[in-house]
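Computed from a predicted structure; not experimentally measured. Numbers restart at 1 for each chain; the letters A, B, ... are given by sequence-line order, proteins then strands.
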Amino acid sequence: MPELPEVETVRRGLAPVLENATLTEVQVRTAKLRWPVPKDLAKSLVGDRVLGLRRRAKYLLMEMTGGGVAIIHLGMTGHMTIWRETPPPPGRHDHMDLLTDAGVCVRFTDSRRFGALLLDHRDTITENKLLRNLGPDPLSNRFDGQELARRLKGRASPIKAALMDQRIVAGLGNIYVSESLFRSGISPKRKSGTVQGGRAEKLAVAIRGVLADAIAAGGTSLRDHVSPDGAMGYFQHQFSVYGREGKACPGCVCDVEKTGGIRRLVQAGRSTFYCTRRQR
DNA sequence: CGGCAAACCTGCGAGC
DNA sequence: TGCTCGCAGGTTTGCC
């Protein structure tokens, strides 16, 4: 499920029920996630009020009045569900419940358990190992064509790999990299260092546009619901290339029979989808 | 440092 | 129907 637009959708769904709420109970049923859930999690959070729910790249940061900050990552299959009434009995993959003084339950579910919940403190959060090397958030004003060009300069790797690298730009994943490259007309195989000037500008604009459109659509729902209120995201219906191998490129008028349509290739172990005619 | 495969997990759909 | 295989939205680690 979660790249930046899905995480932002989750943040927006949870914020109204978590912000200003006091946590009355934290139930951890599965401590074995991407990293072990801290043993003192409940002790650190219960009784504190949630000051704010923020997002940094694909991480959710829940800031507490006591100074604690819960760092949440949804991994590949993690999602959150809000229960305003008594929640159903937890299933095998319902690893955690956060209960608030308003009687709301926020349940964390993650079948593959690549997600994480860790603790830090507001005084040390900027030096946190998971956060300190992240590149700019593409929707922030720290990100534009010039900044992207600077970060790509001199790199020999294909641009697909560079955009997947969270140190270059933070928040893209496999779907939105393919879609952004398509929108900017850049081949995923192009050497990163050659994406400079106008080309970098175009790519930066494409990244921002794709992410903004995806957030407006409530993210992408391929297998899981993304929104904590159960609503499906529908950006998958706007995909130009992702998952569309052999289908017609939306920008090409050529016959699919002749061109073969959208191509798939594997780069660094991940599928990339692109159009050989429109992306150079 | 760069690049790549493997590792961590489970579920699902395709094909036989 | 039921099994096996490949693939899946992420990130770290370890090896050349």
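- Comparing C/dA8, B/dC8, B/dT10 against the side chain of A/Arg113 picks out B/dT10 as the nearest.
- Residue A/Arg167 is out of contact with every strand shown, counting any heavy-atom pair closer than 4.0 Å.
- With A/Arg280 contributing its side chain and A/Thr276 its backbone, the two residues share a donor-acceptor pair below 3.5 Å.
- In the set B/dG3, C/dG9, B/dT10, the nucleotide with an atom closest to the side chain of A/Arg112 is B/dT10.
- The distance between atom CG of A/Leu265 and atom P of B/dC4, rounded to the nearest whole Å, is 11 Å.
- Spacing between atom CZ of A/Arg270 and atom C1' of B/dA7 amounts to 14 Å, rounded to whole angstrom units.
- Atom CD1 of A/Ile168 is separated from atom C1' of B/dG2 by 12 Å (rounded to the nearest Å).
- Linking ILVMFWY residues whenever their side-chain heavy atoms come closer than 4.5 Å, directly or via other members, leaves A/Leu61 and A/Leu14 in distinct clusters.
- DNA chain B is contacted by both A/Arg92 and A/Arg34; A/Arg34 maps to the nucleotide lying nearer its 5′ end (nearest heavy atom per residue).
- The CG atom of A/Leu172 sits 15 Å away from the C1' atom of C/dT11 (whole-angstrom rounding).
- A 4.5 Å side-chain heavy-atom check between A/Val241 and A/Glu179 finds at least one atom pair inside the cut-off.
- Distances shorter than 4.0 Å separate some side-chain N or O of A/Lys58 from OP1 or OP2 on C/dT11.
- Both A/Gln267 and A/His93 lie near DNA chain B, and the one whose nearest nucleotide falls closer to the 5' end is A/Gln267.
- Both A/Phe273 and A/Gln166 sit near DNA chain C, but only A/Phe273 has its closest nucleotide nearer the 5' end.
- Spacing between atom CG of A/Leu130 and atom P of C/dG10 amounts to 16 Å, rounded to whole angstrom units.
- Within a 6.0 Å sphere centred on CD of A/Glu245, other residues, nucleotides and ligands contribute more than 12 heavy atoms.
- The listed nucleotides are C/dA8, C/dG10, B/dT10; the one nearest the side chain of A/Arg223 is C/dA8.
- For the pair A/Trp35 CH2 and B/dC8 P, the computed distance is 15 Å after rounding to whole Å.
- At C/dT11, one or more side-chain N or O atoms of A/His73 fall inside 4.0 Å of OP1 or OP2 (strictly under the cut-off).
- Side-chain proximity of A/Leu222 to the nucleotides C/dC7, C/dT12, C/dG9 is greatest for C/dG9.
- Atom CD in A/Glu245 sits about 16 Å away from atom P in C/dG6, given to the nearest Å.
- For the salt bridge (Lys or Arg N to Asp or Glu O under 4.0 Å) with A/Glu63, the qualifying choice from A/Arg54, A/Arg56, A/Arg122 is A/Arg54, the only one to do so.
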Between A/Asp137 and A/Arg55, is a salt bridge (Lys or Arg N to Asp or Glu O under 4.0 Å) present by the stated rule, with each step listed? CA-CA 10 Å; A/Asp137 195 295; A/Arg55 180 185 58 73; 2.9 Å; yes
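- Side chain of A/Ala156, nearest nucleotide from C/dT11, C/dA8, B/dG3: B/dG3.
- Spacing between B/dA5 and C/dC7 at atom P, rounded to whole Å, works out to 13 Å.
- Residue A/Asp165 contributes atom CG, which lies 12 Å from atom C1' of B/dC1 at whole-angstrom precision.
- Using Watson-Crick or G-U wobble geometry with both donor-acceptor distances under 3.5 Å, C/dG9 finds no partner in any strand shown.
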